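A quick note: this is a predicted structure, and the numbers were derived from the prediction, not measured.
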Amino acid sequence: MEKGKAFPGNLFFYLFLGFVSFGIFGLIFRSGLFKITTLEIEGNHELLGERLMQHLEELKGKSIFGVRSWELGQVLKNVSGVKRVEVEKIFPHTVRIRIEERKPEIALETSAGLTCLDEEGVEVPCPRELQPQVVTVRELEKYRYSPEYEDLLREVLALVAVWKGTFDYPLEEIRVTGKRLFILRLRNGIVIKCGGALNLKSKAHLLRPYLREVNIRSIRIFGFDLQAGEDIVIITGESQ
């Protein structure tokens, strides 16, 4: 026999081994041992179970080998309200799904009612009752069909992010009164006029002590204007 030439018997042996392996795998694949019986869902606090479960019900009873994690993750990511999703198969019969939901940050006041958006400006379902951390945005709709709308929306979202990252006092609403003028109202009634997120951030160190005094000592001040040079202006009456 020439060196390196395969024996015909070896070829038949490998074909037989492959056929047997394929058959065994087929039996395991169809057996009840690896059928999905448990779905573990983590992070699903706000989403309606109905919207989520309609994509998952068909998994039960399927073989865990037949589930592609990345494919299922992509399907679930398209469910309204889902920001990120991670799918993990835990053998022999569990699929674990970790979900990060899109949470409403602002509620836009429109003629048709409230439209909720998350921190990225993606529309999400509004809860039946607005939560305290959701900021109501008024008068932005009048710019809806103008070139300024997207810039104003981004500025509002940036304002909310700066406020929540800098101050401990609950912000209730933002009123858009012009391209560079936003009026913030706190839950204690104090109003703050500013020219945008950068203006608010640059005056935060000046504003914080005043808010503390108002909160602790109940000083009667209507609000603050952050647009005046390097200082802030105390507003003593609503007419201002």
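Put simply, the side chain of Leu117 does not reach to within 4.5 Å of the side chain of Val122, judged on heavy atoms. Looking at Leu56 and Leu59, their side chains come closer than 4.5 Å, going by heavy atoms from C-beta outward. Contact annotation: the side chain of Leu159 approaches that of Ile174 to within less than 4.5 Å [non-hydrogen atoms, C-beta and beyond]. For the pair Gln133 and Lys164, the minimum side-chain heavy-atom distance is below 4.5 Å. Leu206 has its side chain out of reach of Pro209: every pair of non-hydrogen atoms, C-beta onward, lies at least 4.5 Å apart. You'll find the side chain of Phe167 stays beyond 4.5 Å of the side chain of Ile192, heavy atoms only. Using a 4.5 Å heavy-atom cutoff, the side chains of Thr236 and Ile221 are not in contact. Here the side chains of Ile232 and Asp225 are not in contact, with every heavy-atom distance at 4.5 Å or above.
In this structure a side-chain-to-backbone donor-acceptor pair under 3.5 Å is missing from Asp118 to Glu105. A donor-acceptor pair is defined here as one N or O able to donate and one able to accept, closer than 3.5 Å; such a pair exists between the side chain of Arg187 and the backbone of Pro132. A donor-acceptor pair is defined here as one N or O able to donate and one able to accept, closer than 3.5 Å; such a pair exists between the side chain of Lys89 and the backbone of Val67. The main-chain N or O of Trp163 is never found under 3.5 Å from a side-chain atom of Thr166 such that the two would form a donor-acceptor pair. At distances below 3.5 Å, not a single donor-acceptor pair connects side-chain atoms of Thr110 with backbone N or O atoms of Leu114.
The two residues Leu171 and Val135 make their nearest non-hydrogen contact at O-CG2, 3.7 Å. Leu184 approaches Cys194 most closely through the heavy-atom pair CD1-SG, 3.8 Å. The two residues Leu130 and Cys116 come nearest to each other via the heavy atoms CD2-SG, 4.1 Å.
Using a 4.0 Å cut-off between charged side-chain N and carboxylate O, Arg98 and Glu40 make no salt bridge. Between Lys142 and Glu139 there is a salt bridge, since at least one side-chain N of the basic residue sits less than 4.0 Å from a carboxylate O of the acidic one. Salt bridge status for Glu173 with Arg175: present, with a side-chain N to carboxylate O gap under 4.0 Å. Salt-bridge formation is not detected for the pair Glu86/Arg96: no Lys NZ or Arg NE/NH1/NH2 atom is positioned less than 4.0 Å from an Asp or Glu carboxylate oxygen. A salt bridge is absent between Glu101 and Lys83; no separation between the charged side-chain nitrogens and carboxylate oxygens falls under 4.0 Å.
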(message) Run the salt bridge (charged side-chain N to carboxylate O under 4.0 Å, His left out) test on Glu123 and Arg102 for me, step by step, so that the C-alpha distance in whole Å, both residues' side-chain angles and the decisive distance to 0.1 Å come before the verdict.
(response) CA-CA 9 Å; Glu123 186 172 343; Arg102 292 188 179 276; over 6 Å; no

(message) Run Val176 and Phe182 through side-chain contact (heavy atoms from CB on, under 4.5 Å) and show every step you take.
(response) CA-CA 5 Å; Val176 182; Phe182 303 85; 4.1 Å; yes

(request) Before giving the answer on side-chain contact (heavy atoms from CB on, under 4.5 Å), spell out for Lys193 and Val233 the whole-Å C-alpha distance, their side-chain angles and the decisive distance to 0.1 Å. (result) CA-CA 10 Å; Lys193 294 181 179 181; Val233 174; over 6 Å; no

(request) Test Ile36 against Thr94 for side-chain contact (heavy atoms from CB on, under 4.5 Å), laying out the working first. (result) CA-CA 6 Å; Ile36 298 169; Thr94 300; over 6 Å; no

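The stretch residues 195-211 participates, sequence neighbours left out, in no salt bridge (Lys or Arg N to Asp or Glu O under 4.0 Å) pair at all.
Here the OG atom belonging to Ser111 is positioned 11.0 Å from the CZ atom belonging to Arg144, to the nearest 0.5 angstrom. Taken from NE2 in His93 to CG in Leu39, the straight-line distance is 12.0 Å, to the nearest 0.5 Å.
Scored by the ring pair (Phe, Tyr, Trp, His ring centres under 6.0 Å) test, Phe224 finds Tyr210 as partners (sequence neighbours excluded).
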For residues 145-156, tabulate all N or O donor-acceptor pairs below 3.5 Å that involve a side-chain atom, not counting sequence neighbours.
from: Ser146; atom 1: OG; to: Tyr143; atom 2: O; distance (Å): 2.9
from: Ser146; atom 1: OG; to: Glu148; atom 2: N; distance (Å): 3.4
from: Asp151; atom 1: OD1; to: Arg154; atom 2: NH2; distance (Å): 2.5
from: Glu155; atom 1: OE2; to: Ala197; atom 2: N; distance (Å): 2.7

